[in-house]
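One structure is given below, encoded as structure tokens.
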Amino acid sequence: MRDSFTHTSGTGGKNLDQRILELFHAKKGGVVSGEEFSRVLEVSRTAVWKHIKSLKDLGYQIVAVPSQGYRLVTSPDILIPAEIAAGLTVTRIGRRIICFRETDSTNEVAFRLAEEGVEEGTVVIAEKQRRGKGRLGRRWESPAGVNLYCSVVLRPPILPMQAAQLTFLSTVAVARAVAETAALRPFIKWPNDVLINGMKVAGLLNEMSAETEKVNFVVLGIGVNINMQRTQFPDDLRHPATSLALEAGKDVSRLYFTRNLLKTLDELYDSYLARGYAPVREEWLARCDICGRKVKVSFQESGITGVAVGIDDYGALLLQLPDGRVEKVLAGDVTIL
Ligand code: BT5
């Protein structure tokens, strides 16, 4: 089986896997003849047969109906570009999608691609990460086939000090996608966590390449626990964690979630470029779990306690101290007291 799959919409057109799947989906469980495949796709029957075989290797159940053709019986919930891109209309984010069966870290792959000049909106996804990264050198648990590990390359025309705004943008996108696809009520915790019932369901790690006055690119790293089971979480997590499936009481389609997330990210980024940060900040505050609450922010060995009252334009948490002063906190881990 192949280790990576690429899809580029626009310039390169759809790949053959995607067009085969589209024909199957159009027939809604009906038979597609070999002749129809090769006529519509303008390729030989042997090429069709090879691609059908590789789709079967991926877990698609496709049966040959004697002297009629092929029928798609079931599709696996796998993240391949051909499926993610199907029916996805986006301006930037998701125009190019690269999926790996396994990689060290999607953020690292995306960062390398960005350095090589890959186009804005390129999305890197992996079924499994060997060394998924959290913040400050921490590890992100990334078992195969159950979650979403995704990194998006952006080239925003902003100053480096504004880059945190994109962390908030991606957090809002994840929260929206969770609410829409799994009908759950997520809360955002500053700076980069999405929680359900007080447990962490998603984490974001945005990395940047910049000069003093200019951002070269930003990589939005997004990890969402979708169908992860209780036994797959390690015992030594810093905070309680959960998955969409554990909270919803049933499996959630990773494909559907991923499509929804990319579409939401694309819309929010479009709006950000056109209208600025204010709408993102507003939605972030509306979905935030800590505003108005007494919290402790820890950073390395030190800690500061106060009431969270908002965020500023550059992502700092505004903390009202017991003496009434409002302090800007730039980094740290928040605990609600
Ligand atoms: C984060 O770090 O929350 C950022 C996670 C970003 C992961 C994505 S996946 C795609 C992309 N590629 C990467 O390599 N990374 C990004 P932080 O706030 O530091 O949280 C990390 C801490 O969360 C760990 O120290 C654990 O205690 C806990 N943790 C680890 N894996 C988890 C999981 N799957 N679910 C919930 N908590 C987890």
Side-chain angles (χ1 to χ4, degrees), residues 79 93 97-114 122-154 164 166-168 170-171 173-175 177-178 186-208 217-247 252 254 257-258 261-262 265 289-290 297-300 315 317 329-335:
L79 299 176
I93 296 176
I97 303 173
I98 304 169
C99 295
F100 291 86
R101 290 202 322 132
E102 190 173 328
T103 190
D104 280 346
S105 152
T106 54
N107 262 33
E108 277 172 17
V109 177
F111 207 93
R112 267 199 310 275
L113 289 171
T122 297
V123 175
V124 177
I125 290 175
E127 288 281 344
K128 171 184 171 177
Q129 295 186 118
R130 287 183 293 262
R131 279 197 289 274
K133 297 194 293 184
R135 291 178 301 152
L136 307 167
R138 294 180 200 135
R139 186 185 154 83
W140 187 253
E141 213 52 48
S142 310
V146 285
N147 293 336
L148 173 65
Y149 317 113
C150 160
S151 302
V152 181
V153 176
L154 297 181
L166 293 168
T167 303
F168 293 91
S170 44
T171 316
V174 171
V178 167
F187 285 102
I188 291 172
K189 195 179 104 181
W190 182 86
N192 66 335
D193 290 351
V194 179
L195 312 183
I196 300 175
N197 295 324
M199 292 175 281
K200 181 159 171 168
V201 76
L204 291 101
L205 174 68
N206 292 353
E207 298 182 285
M208 157 171 84
F217 61 82
V218 173
V219 171
L220 308 182
I222 303 173
V224 186
N225 300 333
I226 300 185
N227 292 323
M228 200 166 171
Q229 294 306 307
R230 187 68 55 220
T231 49
Q232 293 178 295
F233 288 98
D235 299 328
D236 60 348
L237 291 180
R238 296 161 58 86
H239 303 289
T242 191
S243 69
L244 299 184
L246 287 171
E247 297 306 307
V252 171
R254 294 189 305 145
F257 180 88
T258 304
L261 176 65
L262 295 183
L265 271 174
D289 194 19
I290 57 167
V297 188
S298 319
F299 187 72
Q300 289 166 356
L317 179 68
V329 185
L330 298 173
D333 276 314
V334 174
T335 318

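Residue indices begin at 1 and follow the sequence shown. Bear in mind the structure is a predicted one, so any value in this text is a computation, not a measurement. Atoms within each ligand, like the ligands themselves, are counted from 1 in listed order.
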Tell me if the NZ atom of Lys200 is crowded by more than 12 foreign heavy atoms within 6.0 Å.
yes
Is any N or O atom of Glu141, backbone or side chain, closer than 3.5 Å to an N or O atom of ligand 1?
yes
Ligand 1 versus Ile222: contacting region, heavy-atom distance under 4.0 Å
backbone
At the 4.0 Å heavy-atom cut-off, does Leu237 count as touching ligand 1?
yes
Logged contact type for Pro234 with ligand 1, heavy-atom cut-off 4.0 Å, is neither
Asn192 side chain near Leu205 side chain, heavy-atom distance below 4.5 Å
no
Please determine whether a side-chain nitrogen of the Lys or Arg among Glu108 and Arg131 lies less than 4.0 Å from a carboxylate oxygen of the Asp or Glu.
no
Among Tyr149, Trp140, Phe111, closest by heavy atom to atom 23 (O) of ligand 1 is Trp140
Gly132: numbered ligand 1 atoms lying under 4.0 Å from its heavy atoms:
14 (O)
Tell me if a side-chain donor or acceptor on Arg101 pairs with a main-chain N or O of Lys128 at a distance below 3.5 Å.
no
I want to know if ligand 1 touches Asp236 in the polar sense, i.e. an N/O pair below 3.5 angstrom.
no
Against heavy atoms of Cys150, which atoms of ligand 1 measure under 4.0 Å?
10 (C)
At less than 4.0 angstrom from any non-hydrogen atom of Asn225, what atoms of ligand 1 do you find?
33 (C), 34 (N), 35 (N), 36 (C)
Nearest non-hydrogen contact with atom 1 (C) of ligand 1 belongs to which option: Gln232, Arg130, Lys133, Lys200?
Lys200
Are any of the N/O atoms in Ser105 less than 3.5 Å from those in ligand 1?
yes
Just to be sure I read this right, does ligand 1 sit under 4.0 Å from the backbone of Gln129, its side chain, both, or neither, counting only heavy atoms?
side chain
What do we get for Arg135 next to ligand 1 when only non-hydrogen atoms under 4.0 Å count, side chain, backbone, both or neither?
both
